[in-house]
Amino acid sequence: MCRSIKTLRPPAIAEKATEEEIRAAALQYVRKVSGFRAPAAHNQEVFAAAVDAIAEATRDLLDGIQVRGATATS
């Protein structure tokens with residue numbers, strides 16, 4: 001779908017995804033789905049809210065995924 005969105009879970013990346021990586025992926029997703037690189041002023045609020053919601057869902061997903069063969073680290 002979005003070629004610029006990279007996989008954010010091990011083993012694709014060595015460490016836990018950063019907040020910056022998660023937000024960048026969320027922004028790319030919202031841009032792709034909306035068709036807007038940057039929203040018009042009257043759409044900025046809903047655009048930003050969508051990025052926030054998708055970043056939160058992404059964090060939840062990454063925190064909940066269990067990768068087979070991976071050892072738990074804290």
Side-chain angles (χ1 to χ4, degrees):
M1 184 178 133
C2 290
R3 291 187 182 118
S4 58
I5 297 176
K6 67 180 187 173
T7 302
L8 296 179
R9 66 161 180 81
I13 61 173
E15 299 177 10
K16 186 175 180 178
T18 65
E19 181 63 23
E20 183 177 297
E21 291 170 320
I22 290 171
R23 290 200 65 79
L27 177 59
Q28 284 302 109
Y29 178 82
V30 171
R31 285 176 172 169
K32 182 69 169 188
V33 170
S34 71
F36 296 112
R37 176 155 169 65
H42 61 279
N43 288 325
Q44 284 181 348
E45 187 175 328
V46 71
F47 194 91
V51 172
D52 290 343
I54 292 166
E56 182 177 346
T58 301
R59 268 186 242 92
D60 292 345
L61 173 67
L62 293 174
D63 288 345
I65 286 178
Q66 295 179 5
V67 179
R68 285 187 172 176
T71 57
T73 58
S74 297

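Keep in mind it's a predicted model, so treat the numbers as computed, not measured.
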I need the minimum non-hydrogen distance between Ala55 and Ala26, along with the two atoms involved. N-CB, 3.7 Å
Linked, directly or transitively: Phe36 and Val46 (ILVMFWY side chains, under 4.5 Å): no
Nearest 0.5 Å please: distance from the CZ atom of Arg37 over to the CG atom of Leu27. 8.0 Å
May I ask you to check whether over 12 heavy atoms, not counting those of Glu19, lie within 6.0 Å of atom CD? yes
Picking from Val51, Thr58, Asp52, what satisfies side chain to side chain contact (heavy atoms under 4.5 Å, CB included) with Ile54? Thr58
Going from NZ on Lys6 to CD on Gln28, what distance comes out if it is rounded to the nearest 0.5 angstrom? 12.0 Å
CZ on Arg59 to CZ on Arg23, rounded to 0.5 Å: 7.0 Å
Within the 4.5 Å heavy-atom criterion, are Asp60 and Glu56 side-chain neighbours or not? yes
